[in-house]
Amino acid sequence: MTINRRDFIKASAGAVGTAALGNLAGCASVQTGSAGPKVVVVGAGFGGATFARYLKLWAPQAQITVIEPNTKFVSCPFSNTVLAGVNQMEDITMPYDYLKQAVDNFVPDTVTAIDTAKQTVTTAGGKTFAYDKLVLAGGVELLFDKVQGYDAEAQKTIKHAWKASADQTGVLRQQLEAMPDGGTFVMSVPMSPYRCPPGPYERACMVATYFKKAKPKSKVIILDGNPDIASKKPLFLAAWKKHYGYGTDNSMIDYRPNNMPRMVDAKTMIVGTEFDEVKGDVINVVPPMRAATITGIAGVRDGNSGNWCTIDYRTFESKVTKNVHVLGDSTLTNFPKSGSVANNTGKMCAYALSEEFAGRQADPAPVVTNTCYSAGSESTAFHVATVFRWNEEKQSMVPPPNANGISSEESELEMAYMESWARNVWADTLGLPESYNFTAKG
Amino acid sequence: MKNSLAVTLLLAGALGTAASAYAVDTRARFIAANCSYCHGPDGKSRGAVPSLAGLEPGYFVDQMKAFKDGSRPGTVMKKHANGYTEAEYEMMAKYFAAIK
């Protein structure tokens with residue numbers, strides 16, 4: 001008879017507490033000779049970094065390895081303000097130094113193989129890490145091959161800027177700056193589900209706010225793969241009307257629903273949809289996406305035609321593979337794919353695992369929240385806020401009555417809150433000290 | 001008790017979140033941590049959103065009730081207040097009150 005490691009951990013922990021975990025992990029350890037359960041986290045974005053930091057606080061005996069290829073954290077939330085020229089890349093870029101201090105092992109590398117039977121992870125750098133728990137927090141994989149012509153060469157000119165970086169967000173900003181007045185910015189919205197539902201509509205606002213000041217004859221054309229504005233619709237429509245002439249002959253924003261980009265041509269600067277060919281001076285196509293590459297390597301993309309990962313809401317464990325937990329944008333849940341949700345569900349998973357490591361059951365009825373701000377103009381913002389609670393009848397996390405909604409209207413107060421949100425969520429995710437000097441402004 | 005908590009908090013301060021060396025209500029700790037992406041790690045805000053650390057528990061609970069019934073106007077807080085139970089208001093209040 002074989003006893004699997006999960007059952008053994010549970011049995012040991014239940015019987016004699018965490019000391020047994022230490023013995024077990026000590027026997028199996030290859031990397032650290034450590035005392036606690038080995039937890040490997042792949043990806044240090046809002047989900048992975050928050051998870052790692054909080055697990056160390058709540059289960060200090062856990063031996064936590066974080067594997068992350070980027071040397072610094074670049075925030076996707078707030079990156080549209082870089083396109084507006086309100087902030088620079090350095091304002092949304094933060095160090096991993098404090099996270100590194102908080103965990104046992106921070107490995108700047110890329111995971112290339114996962115053996116879920118042997119419970120090991122191997123990196124491009126040739127290192128192998130054994131795990132008791134594996135946490136995949138890799139965000140999303142962009143599917144360029146779903147858009148004809150969006151090859152490596154075209155990607156040098158056409159930026160998605162849906163993973164914030166100097167090469168994406170930074171270059172797109174430079175392209176907008178170089179564009180002549182009277183030019184056309186063509187951007188796209190992928191089909192739901194996608195990372196950051198209100199993000200594209202906010203992007204239109206942020207580019208338009210820049211045009212209004214610097215290039216007032218220019219236009220923003222939004223090619224939306226969805227039949228309608230997918231998030232905060234009344235608030236975006238109101239902002240477009242109020243600030244950018246939407247609905248008039250002089251509208252700076254031209255919104256086209258049911259217009260999924262099918263092809264791009266970076267030489268002629270054309271985006272093709274099913275119905276139309278649209279020429280742009282600057283083109284920003286966000287391709288369709290699915291759960292992060294790393295979830296494909298682990299074989300845990302089981303949901304929505306094999307594109308996303310289903311999880312147990314109470315532990316974030318994959319529904320198809322034991323001891324593999326999936327966080328953030330890779331998951332298929334009722335939660336929006338937002339930074340707030342990745343941050344808070346990172347804590348939810350840390351809470352569940354810290355309970356398990358202490359020989360207890362995960363909270364059978366958890367509660368978690370989302371609060372997501374979008375900018376409508378340089379000085380105004382608005383929100384969606386939702387509380388999700390475990391619902392036994394539905395076997396799901398759903399909002400209780402009146403615990404979900406959007407702002408009644410945009411306001412300058414909410415822009416101040418949006419700036420505050422960014423600072424606090426960055427501090428919470430990365431463990432930035434109270435003395436940390438934030439430079440991003442709302 | 002208070003002193004040992006203060007020392008623990010001081011030690012935990014570098015990591016950013018309150019941890020107590022003795023019996024911890026882990027559910028309260030998690031529910032309170034739900035607030036931190038807006039109100040700051042440990043309820044210590046780095047921006048315009050108010051801090052929650054060190055608030056008097058009765059005041060905290062009264063504010064949540066006031067957001068819920070609308071007597072205190074707000075932006076996001078009515079939705080959050082509607083999503084938690086009064087018992088959870090109390091748990092959060094107690095947790096944040098203990099943070100220096």
Side-chain angles (χ1 to χ4, degrees), chain A residues 46 50 53-54 56-58 60 98 101-102 339-340 343-344 347-348 350-351 354-355 358 360 363 366-369 371 373 382-389 399-405 407-408 411 413-414 416-417 419-429 431-434 436 438 442, chain B residues 8-21 23-53 64 67-70 73-85 87-89 91-92 99-100:
Chain A
F46 285 100
T50 305
R53 217 172 69 73
Y54 275 86
K56 196 67 198 175
L57 291 169
W58 293 345
Y98 307 97
Q101 290 164 22
S340 293
N343 168 281
N344 252 2
K347 289 170 222 169
M348 212 168 140
Y351 172 41
S354 64
E355 292 293 275
R360 295 186 291 264
D363 190 338
V367 52
V368 77
T369 67
T371 309
Y373 292 95
F382 40 81
H383 74 264
V384 59
T386 313
V387 180
F388 295 90
R389 300 188 73 96
N402 305 314
N404 174 40
S407 306
S408 50
S411 69
L413 177 65
E414 292 214 42
Y417 287 167
E419 181 193 274
S420 177
W421 173 89
R423 292 174 169 207
N424 284 322
V425 78
W426 292 334
D428 196 44
T429 300
L432 306 176
E434 284 183 68
Y436 189 83
F438 294 99
Chain B
T8 308
L9 290 172
L10 198 66
L11 293 171
L15 296 169
T17 290
S20 166
V24 175
D25 182 342
T26 56
R27 187 162 199 271
R29 187 172 65 179
F30 167 68
I31 287 178
N34 253 322
C35 310
S36 61
Y37 65 87
C38 283
H39 291 277
D42 290 345
K44 294 175 182 175
S45 178
R46 318 285 173 92
V49 171
S51 289
L52 303 175
M64 292 298 283
F67 281 126
K68 186 170 183 169
D69 69 23
T75 54
V76 306
M77 281 310 298
K78 191 175 174 69
K79 292 133 201 167
H80 288 291
N82 282 331
Y84 291 102
T85 64
E88 287 165 343
Y89 299 170
M91 289 166 84
M92 287 187 258
I99 299 175
K100 296 287 175 234

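Below, read A as the first sequence line, B as the second, and so on, with proteins coming before strands; counting in each chain starts at 1.
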K.L.:
Is any side-chain heavy atom of A:Y373 closer than 4.5 Å to a side-chain heavy atom of B:V76?
P.N.:
yes
K.L.:
If I measure from the heavy atoms of chain A, does B:T85 come under 4.5 Å with its side chain, its backbone, both, or neither?
P.N.:
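Both backbone and side chain.
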K.L.:
Give me the atom names and distance for the closest heavy-atom approach of B:T75 to A:H383.
P.N.:
O-CE1, 3.3 Å
K.L.:
Once you round to the nearest 0.5 Å, how far does CG of A:N404 lie from NE2 of B:H80?
P.N.:
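A:N404 atom CG to B:H80 atom NE2 measures 10.5 Å (nearest 0.5 Å).
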K.L.:
Grab the two heavy atoms, one from A:P401 and one from B:N82, that are nearest each other, plus how far apart they are.
P.N.:
O-CB, 4.0 Å
K.L.:
What residue, out of B:A81, B:G47, B:G83, has the most heavy-atom pairs lying under 4.5 Å from chain A?
P.N.:
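Among the listed options, the one with the most contacts to chain A is B:G83.
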K.L.:
Is a side-chain N or O of B:K44 found less than 3.5 angstrom from the main chain of A:E434, in a donor-acceptor match?
P.N.:
no
K.L.:
Please check if the side chain of B:R46 supplies one atom and the backbone of A:R423 the other of a donor-acceptor pair under 3.5 Å.
P.N.:
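No; zero donor-acceptor contacts below 3.5 Å.
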K.L.:
If you take all heavy atoms of A:Y417 and B:A48, which pair is closest and at what distance?
P.N.:
CE2-O, 4.1 Å
K.L.:
Over all heavy atoms of both residues, which pair between B:S36 and A:K347 is shortest? Give the atoms and the distance, please.
P.N.:
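Smallest interatomic distance, heavy atoms only, reads OG-NZ, 2.8 Å.
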K.L.:
Chain B heavy atoms under 4.5 Å from A:E414: which part of the residue, side chain, backbone, both or neither?
P.N.:
side chain
K.L.:
A:A422, A:S340, A:P366, A:S411: which one forms the most heavy-atom pairs within less than 4.5 Å of chain B?
P.N.:
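Answer, by heavy-atom pair count under 4.5 Å with chain B: A:S340.
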K.L.:
Search all heavy atoms of A:S407 against all heavy atoms of B:K79 and return the closest pair with its distance.
P.N.:
N-NZ, 4.2 Å
K.L.:
Flag the one option from A:S408, A:A416, A:G405, A:P400 with the top tally of heavy-atom pairs under 4.5 Å to chain B.
P.N.:
A:G405
K.L.:
Counting only heavy atoms closer than 4.5 Å, note whether A:V425 contacts chain B via side chain, backbone, both or neither.
P.N.:
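Both parts, backbone and side chain.
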K.L.:
Has the side chain of B:Y37 got a donor or acceptor atom that lies under 3.5 Å from a matching backbone atom of A:T371?
P.N.:
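Looks like yes, one N/O pair under 3.5 Å.
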K.L.:
Does any part of the side chain of B:C38, heavy atoms only, come nearer than 4.5 Å to the side chain of A:N424, both counted from C-beta?
P.N.:
no
K.L.:
Counting only non-hydrogen atoms closer than 4.5 Å, does A:P399 touch chain B with its backbone (N, CA, C, O), its side chain (CB onward), both, or neither?
P.N.:
neither
K.L.:
Side chain, backbone, both or neither: which part of A:N402 has a heavy atom under 4.5 Å from chain B?
P.N.:
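Its backbone and side chain both get close to chain B.
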K.L.:
Answer whether the closest heavy-atom distance between the side chains of B:I31 and A:V367 falls below 4.5 Å.
P.N.:
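A side-chain contact exists here, since the closest heavy-atom pair is under 4.5 Å.
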K.L.:
Between A:D363 and chain B, which part of the residue has a heavy atom less than 4.5 Å away: side chain, backbone, both or neither?
P.N.:
side chain
K.L.:
Checking A:P60 against chain B: side chain, backbone, both or neither under 4.5 Å from a heavy atom?
P.N.:
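Looking at A:P60, nothing touches chain B.
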K.L.:
Quick one: which of A:N343, A:V387, A:N344 gives a side-chain contact (heavy atoms from CB on, under 4.5 Å) with B:N34?
P.N.:
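With B:N34 as partner, A:N343, A:V387, A:N344 yield a single side-chain contact (heavy atoms from CB on, under 4.5 Å), made by A:N344.
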K.L.:
Are side-chain heavy atoms of B:R27 and A:Y351 found at a separation under 4.5 Å?
P.N.:
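Yes. Closest side-chain heavy atoms under 4.5 Å.
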K.L.:
Which bit of A:F438 comes within less than 4.5 Å of chain B, counting heavy atoms only: side chain, backbone, both or neither?
P.N.:
side chain
K.L.:
Are A:W58 and B:F30 side-chain neighbours, meaning at least one heavy-atom pair lies under 4.5 Å?
P.N.:
yes
